[in-house]
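Just so you know, these numbers come straight off a predicted model, no measurement behind them. Below, each value reflects all heavy atoms present in this structure, side chains not excepted, and no hydrogens, waters or symmetry copies.
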Amino acid sequence: MENKKKKFLFVVQGEGRGHMTQSIAMQNIIQAAGMEVCGVLIGKSPQRQIPAFYYEKIHAPITTIESPNFVTDSKMKSIKMFPSVVKNIMNISTFRNSLKIIDEKIKEYKPDMIINFYDPLIGLYYLLKRPDIPMVCVAHQYMFHHPGFEFPKGHLLDRMSLKFYTGLTSYGSVKKLALSFYPFENNNKNSVFIIPPLLREDVFMQKAQPGDYLLVYLVNSGYLEDIISWHNQNKSVEVHCFIDKKSEHEVEQFHENLYFHRINDQKFLSMMAKARGLVSTAGFESVCEAMYLGKPVFMVPVEGHYEQFCNSRDAFKAGAGIYDNGFHITRFLTYLAGYRNNADPFRDWVNQSPNKTMEQLRSVL
């Protein structure tokens, strides 16, 4: 095994930044072990741009492919599941071309292993082509295939749909590495193996300190009006909001103590380290970064996004903060008044990530 450097091909879902930052962290772990990432296939869509930091941090050739994505309502708030399914079915010819690109790149790179960060097309590729290259899947969502995971009560159809979609992304895989907020038992029967969150090195370089302002991160720009509405009644609270919206300026002052920032990964992390707390939708990665830096989180799942609904409850269980169905930030301020930082157990868990991850990859190689 040691005579020839092992090669890994990444396939990354481009919806949201969590899977991208996880792949960057995985690359660093693999390279530190003397192996290499030979190429990256990343999903794109008209609604999302691949951020510049990803091209800077991934040290391998990147190929973009058209991949399924969600449809949101006209206000850019909630996710509409049925229109999402219809739209993606109508784009089947586009995705057929993506499958062709996947096949070409696998033949070109000849990887020893494929690592999939929750992209559904590679699962479909394994269903149709059945290649003999082992695939390992990495995402928090594989916790949903663990029989011990506690789903929120109700929402049976949403739960079944989420588990089906997650199953499609991992079809043909030999292992599913489930990123977890906390240690959990492995489940050999379902090939679900628990590893700590894969946080990028930039998080570890931050020096956390007490702060006076609230940091807000919004993927869906429609929620901006909710933040403005609340702040109009609470102008004494300093709020810095990062939003995925095109803007001419790096930062804009909307009114007294309310600032809008263009998405900038380095700046966001730096400001998180000095913030009083984070207000965000319940994306796994942002919550983990805040937990590592000892910053409490107010989680508001995107409407119709059952995965984030589950994340918010799971993160609450792990001590990340509190959740709500709307941006009722006054409730968060009340919570902050009695908050006591105890980030050490989570940091200890995250710091085990390189060893636990390589242990799982080596067992497949």
Original post:
Hey, is D202 close enough to K57 for a salt bridge, meaning N to O under 4.0 Å?
Top reply: yes

Subject >> salt bridge (Lys or Arg N to Asp or Glu O under 4.0 Å) pairs, two or more places apart, involving residues 315-335 >> reply: E150-K317, D324-R331

Original post:
Hey, any chance I329 and F254 share a hydrophobic cluster, counting ILVMFWY side chains that come within less than 4.5 Å of each other, even indirectly?
Top reply: yes

Subject >> Contact summary for L99 and L121, nearest pair of heavy atoms >> reply: CD2-O, 3.4 Å

Original post:
What's the shortest heavy-atom distance between V300 and Q308, and which atoms?
Top reply: O-OE1, 4.4 Å

Subject >> Spacing of CE belonging to M26 relative to NE2 belonging to H19, to within rounding of 0.5 Å >> reply: 13.0 Å

Original post:
Y142 and T169: side-chain donor and acceptor closer than 3.5 Å?
Top reply: yes

**OP:** Might you work through the side chain to side chain contact (heavy atoms under 4.5 Å, CB included) test for K176 and F193, ending with a clear yes or no?
**Re:** CA-CA 6 Å; K176 291 172 277 193; F193 299 87; over 6 Å; no

**OP:** Please check if any side-chain donor atom of Q253 sits under 3.5 Å from a side-chain acceptor atom of H255, or the reverse.
**Re:** no

Original post:
With a cut-off of under 6.0 Å to the ring centre and 45° to the axis, is R130 in cation-pi contact with Y126?
Top reply: no

**OP:** Would you please say whether a donor-acceptor pair under 3.5 Å links the side chains of E285 and Q22?
**Re:** yes

Subject >> Criterion side chain to side chain contact (heavy atoms under 4.5 Å, CB included) on N257 and V239, from CA distance to verdict >> reply: CA-CA 6 Å; N257 283 332; V239 175; over 6 Å; no

Subject >> CD-CD1 distance between Q352 and I195, expressed to the nearest 0.5 angstrom >> reply: 12.0 Å

**OP:** Following the transitive rule for hydrophobic clusters with a side-chain heavy-atom cut-off under 4.5 Å over Ile, Leu, Val, Met, Phe, Trp and Tyr, establish whether Y339 and F332 coincide in one cluster.
**Re:** yes

Original post:
Using 4.0 Å as the upper bound for N to carboxylate O, is an ion pair formed by E108 and K105?
Top reply: yes

Original post:
In terms of side-chain heavy atoms, does H261 have a donor or acceptor partner in K267 at a distance below 3.5 Å?
Top reply: yes

**OP:** With R262 as the cation and F242 as the aromatic partner, state whether NZ or CZ is under 6.0 Å from the six-membered ring centre and within 45° of the axis.
**Re:** no

Original post:
Do we get K163 above F144's six-membered ring, with its NZ or CZ under 6.0 Å from the centre and within 45° of the axis?
Top reply: no

**OP:** For T166 and Y118, test the side chains for any donor-to-acceptor distance below 3.5 angstrom and give the result as yes or no.
**Re:** yes

Original post:
For the ring pair Y125 and F95, is the centre-to-centre distance below 6.0 Å?
Top reply: no

Subject >> Check: Y335 ring centre within less than 6.0 Å of F298 ring centre >> reply: no

**OP:** To the nearest 0.5 Å, tell me how far S170 OG sits from Q141 CD.
**Re:** 11.0 Å

Original post:
Would Y109 and F8 count as a ring pair (Phe, Tyr, Trp, His ring centres under 6.0 Å) if you check the C-alpha gap in whole Å, the side-chain angles of each, and the deciding distance to 0.1 Å?
Top reply: CA-CA 9 Å; Y109 292 127; F8 296 78; over 10 Å; no

**OP:** Decide ring pair (Phe, Tyr, Trp, His ring centres under 6.0 Å) for F149 and F184; before the verdict, give the C-alpha distance in whole Å, the side-chain angles of both, and the deciding distance to 0.1 Å.
**Re:** CA-CA 9 Å; F149 182 79; F184 211 63; 7.7 Å; no

**OP:** Enter the distance from K110:NZ to L9:CG here, rounded to the nearest 0.5 Å.
**Re:** 12.5 Å

**OP:** Report the residues that fulfil salt bridge (charged side-chain N to carboxylate O under 4.0 Å, His left out) with D265, sequence neighbours left out, ordered by chain and then residue number.
**Re:** R17, R200

Original post:
Between F181 and F284, does the ring centre distance come in under 6.0 Å?
Top reply: yes

